[in-house]
> 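Once you've had a glance at the structure underneath, I'll fire off some questions.
Indexing begins at 1, ligand by ligand and atom by atom, following the structure's order.
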Amino acid sequence: MTTAKRKLDHIRICLEKEVEGGWRPFDDLSLVHRALPGIDADDIDTSCRFLGKDLAFPFMISGMTGGHPDTKEINVNLALAAQEVGVAMGVGSQRAALERAEVEETFSAVREAAPMIPIVGNIGAVQLRRGGAEVIDRLAEMIDADAIAVHLNFLQESVQPEGETEAEGAIEAIRSASDLRVPIIAKETGAGISGEDARALLEAGVEIIDVGGLGGTSWSGVEAYRAEERGDLKSAKMGRVFWNWGVPTPVSVVECAFSGAQVISSGGVRSGIDVAKSIALGAMMAGAALPFLAPATEGSSEVVEALRVYRRAFLTAMFLTASKDVSDLRSAPIVVLGRTREILEQRGFSAKKFAVHREMSR
Ligand SMILES: Cc1cc2nc3c(=O)[nH]c(=O)nc-3n(C[C@H](O)[C@H](O)[C@H](O)COP(=O)(O)O)c2cc1C
């Protein structure tokens, strides 16, 4: 099966099936409401900077697609909307364009549609190891990228019969690419990044981690559906067994931020409130993929609308936590309950510390 065909299957399954997990870790969190915010909502500044560019609020559309002619329109609709609202955008894995130059334009069209925003390229750690660090420059040039995300998706690869599970040497490959012209972002795709791995990545020269944690799209789940469609019941079973495997997004945010990384919170970020919760836990920004896929198949104005709903809820959460700018939100009290709290405490973090106003970011 070609990379491009597999990508189309993924999009179709994500549009048609229930691909999320049964548990929403973000529901374990609540920001402490302020009945007397003491500021005017109109004076709130939601803006931030990312990769040297201004954003309307700390948010990105996470990388999804490109690589098949049919995916160009989705990417262009996402890009037009990201440009209009002022958020960053990632593209899906550019591997297909390394294999077939004629699909490059499904990626380069993103930069044409969105000349001003930060755009993040994408490649798997296994392909980086095979292609060497020069691959990063090629991918960056293709879309005039501000950074390249190197994705770590060994869970998904493990449940695919054709999966590539050669993880040895991945960290060396990342290290060799970490001092190039464009920064590298280490990114999971739904199973999260632990503090142990964050420290290894930082030591290899990576400064930004996109946690891609558990709680949103399950790639093990997507692969289970794909396997069922082909009648491969063994792989389908594997996909279902590992559906909820991984580090929950809020836990991964805390672990990676505590290790010293600049963190993008993603995996199950389903509203502007989840974006605000992410910032209060220590992320510099948040991202989401699945919620923008269906709107992007309709048109750019549908994506704009979805982004504006996120921004409005983010601003309202800032108002109701008395945060007049994003740096205030970083110290807003946030209560952590349930399974998320238990995991954090087992991992050596006191949830109580987040429940009180903190003078400075961690
Ligand atoms: C249709 C689709 C395709 C994706 N393709 C890629 C990809 O090529 N590379 C990548 O790093 N992540 C990919 N992702 C993962 C997302 O970037 C994100 O990490 C993950 O879906 C969790 O976010 P979510 O819960 O908001 O969807 C894809 C996600 C979706 C929904």
Side-chain angles (χ1 to χ4, degrees), residues 3-4 6-21 23-26 59-68 70-71 74-75 78 88-98 103 106-107 110 120-128 139 143 145 147-157 160 184-193 209-223 225-226 243-244 246-250 252-253 263-271 274-275 278 285-297 306-307 310:
T3 308
R6 190 163 55 237
K7 288 281 156 187
L8 283 187
D9 282 349
H10 288 154
I11 288 177
R12 180 179 47 74
I13 289 168
C14 284
L15 286 169
E16 289 174 1
K17 307 273 192 198
E18 180 48 75
V19 293
E20 299 190 76
W23 173 46
R24 258 190 45 82
F26 277 103
F59 192 69
M60 73 182 287
I61 300 175
S62 304
M64 280 188 276
T65 199
H68 186 285
D70 295 355
T71 62
I74 293 178
N75 260 348
L78 293 170
M89 175 181 163
V91 297
S93 171
Q94 291 166 269
R95 174 183 181 177
L98 293 177
V103 297
T106 63
F107 296 102
V110 168
V120 178
N122 192 294
I123 194 69
V126 175
Q127 284 81 51
L128 172 62
L139 300 176
I143 54 170
I148 299 288
V150 176
H151 70 249
L152 308 165
N153 68 334
F154 290 110
L155 166 60
Q156 181 187 10
E157 299 290 346
Q160 275 177 14
I184 294 291
I185 299 176
K187 175 183 183 301
E188 242 287 353
T189 60
I193 295 185
I209 295 179
D210 181 338
V211 301
L214 171 67
T217 308
S218 166
W219 282 93
S220 190
V222 174
E223 294 302 340
Y225 287 120
R226 262 185 77 223
W243 195 297
N244 289 308
V247 186
T249 299
S252 192
V253 167
V263 174
I264 301 170
S265 166
S266 72
V269 171
R270 293 294 175 261
S271 73
D274 292 347
V275 178
S278 298
M285 57 189 270
L290 189 66
F292 300 98
L293 182 60
T297 60
L307 285 169
Y310 266 73

> Classify the contact between H151 and ligand 1 as side chain, backbone, both or neither, using a heavy-atom distance cut-off of under 4.0 Å.
side chain
> In the protein, which heavy atom is nearest to atom 27 (O) of ligand 1, and how far is it?
T217 OG1, 2.6 Å
> Is there any N or O on L293 that sits under 3.5 Å from an N or O of ligand 1?
no
> Numbering the atoms of ligand 1 from 1, which are under 4.0 Å from a heavy atom of G267?
22 (C), 23 (O), 25 (O)
> Which residue holds the protein heavy atom closest to atom 19 (O) of ligand 1, what is that atom called, and what is the gap in Å?
K187 NZ, 3.0 Å
> For ligand 1, find out whether one of its N or O atoms is nearer than 3.5 Å to an N or O atom of S93.
yes
> For ligand 1, is any non-hydrogen atom under 4.0 Å from N122's backbone (N, CA, C, O), its side chain (CB onward), both, or neither?
side chain
> Counting each atom of ligand 1 from 1 as listed, which ones have a heavy atom of E188 under 4.0 Å away?
19 (O)
> Could you identify the single nearest non-hydrogen protein atom to atom 5 (N) of ligand 1 and state the distance to 0.1 Å?
M64 O, 3.0 Å
> Looking only at protein heavy atoms, identify the closest one to atom 13 (C) of ligand 1 and say how far it is in Å.
G63 O, 3.1 Å
> What residue and atom, counting heavy atoms only, is the protein's closest point to atom 20 (C) of ligand 1, and at what distance?
T189 O, 3.7 Å
> Could you list the atoms of ligand 1 found under 4.0 angstrom from a heavy atom of G216?
25 (O)
> Hey, does L290 come in under 3.5 Å of ligand 1, counting only N/O atoms on both sides?
yes
> Among protein heavy atoms, which lies nearest atom 25 (O) of ligand 1, and at what distance?
R270 NH2, 2.7 Å
> Report yes if G92 has an N/O atom closer than 3.5 Å to an N/O atom of ligand 1; otherwise report no.
no
> Checking contacts here: is it the side chain or the backbone of E20 that comes within 4.0 Å of ligand 1, counting heavy atoms only? Could be both or neither.
neither
> Would H10 count as being in polar contact with ligand 1, using the rule that some N or O on each side must be under 3.5 angstrom apart?
no
> Hey, what do you get for OG1 (T189) to CH2 (W219), rounding to the nearest 0.5 Å?
7.5 Å
> Give me the nearest non-hydrogen protein atom to atom 29 (C) of ligand 1 as residue plus atom name, then the distance to 0.1 Å.
W219 CZ2, 3.2 Å
> In ligand 1, which numbered atoms sit nearer than 4.0 Å to a non-hydrogen atom of A288?
26 (O)
> Going by distance only, is there an N or O of K7 that falls short of 3.5 Å from an N or O of ligand 1?
yes
> Could a heavy atom of G268 be found less than 4.0 Å from some atom of ligand 1?
yes
> Against ligand 1, does T65 come closer than 4.0 Å with any heavy atom?
no
